[in-house]
S.K.: 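Structure below; questions to follow.
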Amino acid sequence: MPVISTPSPDLSSILADWYHSEARDLPWRRKAFHARFGAWGTLVSEFMLQQTPVTRVIPRLEAWLERWPTPTAMSSATPAEVVQQWANLGYPRRALWLHRAAIEITARHGGDVPRNVEALLALSGIGDYTARAVAAFAFGDRHPVVDTNTRRVMARALEGRSQPGPASRRDLVTMKALLPDADDESAVFNAAMMELGATVCTSRAPKCERCPIAAQCAWLSSGRPDTGDDRRKQARYEGSDRQARGAVLKALRESDAGAVPLDAVIHDWTDLAQRDRAIDSLIADGLAEASEQMLRLPR
DNA sequence: AATGCGTGGCG
DNA sequence: TCGCCAAGCAT
């Protein structure tokens, strides 16, 4: 009988095999995409993917990059143009932050997206996730990339919980300990953990029968217990201030004249105090400006 | 550290 | 129908 036992493959090689055969063919994973747009392409895709689903980002990304193929190109745009191009991707402050980041990259880094995580973190709109995603996926460096997907996979596979707890910087430490030693393998590991969480180890109705690491999952082996969910619930959108802001901004984006009379902005809105609140807060956020009783996108 | 911030698809 | 959820960030 066999004297030589086959070593059981480690987590990272199982995930790498699975990733290479099962991962979705997304634009930002193509070699041609990196050849055309470099790290800027990765950075823009990551901004758009902050809380906006992949399927909604895909049709908007290429148009953005064709209009502004480099940080320097985008740095000379106006906020109004950027917010307009962002359209209905949601959370329009991200468009302003991306614009500021482009200006900062042009000023501080000669127009080249920095590779260093500290430098990336110093840019507007870039936090722990985006900084390391750019460093790992655009530059191939070894950093723990922690997002909602990897946190859920770690919570289930490692802790046996049905949902992760609130996001914590400790997650970075946990993820880093799982990374393979080699830079390139570590980038694949990050991508594979995210892909697994996005397509198999989903928040609701996870497809454990299709999971490549089912055999080593603490949650599955203990019978998928409901361990509770201490994540904060999302506030209701219907009737919210956010909905009012969204309606005002939509009106500004769609205004042919580029400006709307203040008293005509979402004129059919029933809660007038809420409408005024929305306008004031958009101005405070730099997403709108008022002059001569007109409201417009910021110039 | 808890909150506020868009929008739309899906079960 | 309607609540859940989505590659987070700044304050």
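Computation of the quantities below employed the complete heavy-atom set of this structure, encompassing side-chain atoms and omitting hydrogens, waters and symmetry-equivalent molecules. Chain letters run A, B, ... following the sequence lines, proteins first and then strands; every chain starts at 1.
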S.K.: So among A:Met194, A:Lys207, A:Arg24, A:Glu22, which one has a side chain to side chain contact (heavy atoms under 4.5 Å, CB included) with A:Thr199?
M.R.: A:Arg24
S.K.: By nearest nucleotide on DNA chain B, pick out whichever of A:Gln243 and A:Trp97 is the more 5' one.
M.R.: A:Trp97
S.K.: Hey, does A:Thr202 have a side-chain heavy atom less than 4.5 Å from the side chain of A:Asn149?
M.R.: no
S.K.: Could you check whether A:Gln234 gets within reach of a base, just the sugar-phosphate, or nothing at all, counting any heavy atom under 4.0 Å?
M.R.: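 Touches a base.
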S.K.: A:Arg236 near the nucleic acid: base, sugar-phosphate alone, or nothing, with a heavy-atom cut-off under 4.0 Å?
M.R.: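 Result for A:Arg236 = sugar-phosphate.
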S.K.: For A:Phe139, which of A:Val134, A:Asn116, A:Thr42 qualifies under side chain to side chain contact (heavy atoms under 4.5 Å, CB included)?
M.R.: A:Val134
S.K.: Output all residues satisfying ring pair (Phe, Tyr, Trp, His ring centres under 6.0 Å) with A:Phe33, sequence neighbours left out; order by chain, then residue number.
M.R.: A:Phe37
S.K.: Identify whether any heavy atom of A:Asp285 sits under 4.0 Å from a base atom; if not, whether one sits that close to sugar-phosphate; answer base, sugar-phosphate or nothing.
M.R.: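 If one applies the 4.0 Å heavy-atom cut-off, A:Asp285 turns out to touch nothing in the nucleic acid.
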S.K.: Rounded to whole Å, how long is the line connecting atom CD of A:Glu104 with atom C1' of C:dC9?
M.R.: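 About 14 Å, once rounded to whole Å.
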S.K.: C:dA7 C1' sits how many Å from A:Arg29 CZ, rounded?
M.R.: 9 Å
S.K.: In this structure, how many angstroms lie between the C1' atom of C:dA7 and the NE2 atom of A:His143, rounded?
M.R.: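 Taking atom C1' of C:dA7 as the reference, NE2 of A:His143 is at 17 Å.
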S.K.: Taking CD in A:Glu292 as the centre, count heavy atoms belonging to other residues, nucleotides or ligands within less than 6.0 Å. Is the count above 12?
M.R.: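 No - once you tally the heavy atoms of other residues, nucleotides and ligands closer than 6.0 Å, there are 12 at most.
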S.K.: Using a heavy-atom cut-off of under 4.0 Å over every strand shown, decide if A:Arg56 touches base, sugar-phosphate, or nothing.
M.R.: base
S.K.: Take atom NZ in A:Lys250; do more than 12 heavy atoms of anything else shown fall under 6.0 Å from it?
M.R.: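 Check fails, neighbour count at 12 or below.
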S.K.: Need one value for A:Ser240: base, sugar-phosphate or nothing, where a base atom within 4.0 Å counts as base even if backbone is also close, heavy atoms only.
M.R.: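 Contact class for A:Ser240: none.
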S.K.: Heavy atoms under 4.0 Å, any strand shown: does A:Pro166 hit a base, just sugar-phosphate, or nothing?
M.R.: nothing
S.K.: Taking only residues two or more places apart in sequence, or in another chain, which ones meet A:Glu238 in a salt bridge (Lys or Arg N to Asp or Glu O under 4.0 Å)?
M.R.: none
S.K.: Name the closest nucleotide to the A:Pro53 side chain, picking from C:dA6, C:dA10, C:dA7.
M.R.: C:dA6
S.K.: Using a heavy-atom cut-off of under 4.0 Å over every strand shown, decide if A:Arg152 touches base, sugar-phosphate, or nothing.
M.R.: sugar-phosphate
S.K.: Determine the interatomic distance between C1' on C:dC9 and the same-named atom on B:dG9; round to the nearest Å.
M.R.: 24 Å
S.K.: So, using salt bridge (Lys or Arg N to Asp or Glu O under 4.0 Å) as the criterion, who are the partners of A:Glu62 when residues are at least two apart?
M.R.: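 Salt bridge (Lys or Arg N to Asp or Glu O under 4.0 Å) list for A:Glu62, sorted by chain: A:Arg36.
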S.K.: Can a side chain N or O of A:Ser203 be found less than 4.0 Å away from OP1 or OP2 on C:dC5?
M.R.: yes
S.K.: Please classify the nucleic acid contact of A:Leu249 as base, sugar-phosphate, or nothing, using heavy-atom distances under 4.0 Å.
M.R.: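 Counting heavy atoms under 4.0 Å across all strands, no contact is made by A:Leu249.
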S.K.: I want to confirm an ordering. Mapping A:Arg204 and A:Gly125 to their closest nucleotides on DNA chain C, which one lands closer to the 5' end?
M.R.: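 With A:Arg204 and A:Gly125 compared, the 5'-side residue is A:Arg204.
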S.K.: Give A:Arg132 one of three labels, base, sugar-phosphate or nothing, depending on what nucleic acid heavy atoms sit under 4.0 Å from its own.
M.R.: nothing
S.K.: Taking only the side-chain nitrogens and oxygens of A:Thr202, find out if one of them lies under 4.0 Å from OP1 or OP2 of C:dC5.
M.R.: no
S.K.: Heavy atoms under 4.0 Å, any strand shown: does A:Trp86 hit a base, just sugar-phosphate, or nothing?
M.R.: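 Touches nothing.
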S.K.: Can you list every ring-ring contact (aromatic ring centres under 6.0 Å, His included) pair that touches residues 74-106 of chain A, not counting sequence neighbours?
M.R.: A:Trp64-A:Trp86
S.K.: Taking atom CZ of A:Arg30 as the centre, does the number of heavy atoms from other residues, nucleotides or ligands within less than 6.0 Å exceed 12?
M.R.: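 Not buried by this count: 12 neighbours or fewer within 6.0 Å.
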S.K.: Just to be sure I understand the rule, does A:Leu121 reach a base, reach only the sugar-phosphate, or reach nothing, if contact means heavy atoms closer than 4.0 Å?
M.R.: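 Touches nothing.
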S.K.: Please report, rounded to the nearest Å, how far the P atom of C:dA10 is from the OH atom of A:Tyr91.
M.R.: 14 Å
S.K.: What dot-bracket string describes DNA chain C from 5' to 3', counting Watson-Crick and G-U wobble pairs whose defining distances are under 3.5 Å, with [ ] for crossing pairs and | for pairs to another strand?
M.R.: .|||||.||||
S.K.: Quote, to the nearest angstrom, the C1' distance that separates C:dT1 from B:dG8.
M.R.: 16 Å
S.K.: Expressed as a whole number of angstroms, how long is the span from A:Arg232:CZ to C:dA6:P?
M.R.: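 After rounding, the gap between these two atoms is 14 Å.
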S.K.: Pick base, sugar-phosphate or nothing for A:Thr130, based on heavy-atom distances below 4.0 Å to the nucleic acid.
M.R.: sugar-phosphate
S.K.: How is A:Arg253 classified with respect to the nucleic acid when contacts are heavy atoms under 4.0 Å: base, sugar-phosphate, or nothing?
M.R.: sugar-phosphate
S.K.: Is the phosphate of C:dG8 approached by A:Gln50 (side-chain N or O, under 4.0 Å from OP1 or OP2)?
M.R.: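 Checking C:dG8 against A:Gln50, no side-chain N or O comes under 4.0 Å of OP1 or OP2.
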S.K.: Which is the 5'-most and which the 3'-most nucleotide of DNA chain B that has an atom under 4.0 Å from a heavy atom of chain A?
M.R.: B:dT3 to B:dG8
S.K.: Under 4.0 Å, counting only non-hydrogen atoms across every strand here, what does A:Tyr237 touch: a base, just sugar-phosphate, or nothing?
M.R.: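 Answer is base: heavy atoms of A:Tyr237 come under 4.0 Å of a base.
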S.K.: How about CD on A:Gln293, more than 12 heavy atoms from neighbouring residues, nucleotides or ligands closer than 6.0 Å, or not?
M.R.: no
S.K.: Quick test of your reading of the model: are A:Arg29 and A:Glu195 salt-bridged, counting only N-O distances below 4.0 Å?
M.R.: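 Salt bridge flag = yes for A:Glu195 with A:Arg29.
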S.K.: In whole angstroms, how far is the C1' atom of C:dC9 from the CG atom of A:Leu120?
M.R.: 15 Å
S.K.: Using whole Å, what does the distance between atom P of nucleotide C:dC9 and atom OH of A:Tyr129 come to?
M.R.: 8 Å
S.K.: Expressed as a whole number of Å, how far does the P atom of C:dA7 sit from that of B:dT3?
M.R.: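 Pairwise P distance, C:dA7 against B:dT3, rounds to 23 Å.
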S.K.: Find the distance A:Phe47:CZ to C:dG8:C1' and express it as a whole number of Å.
M.R.: 10 Å
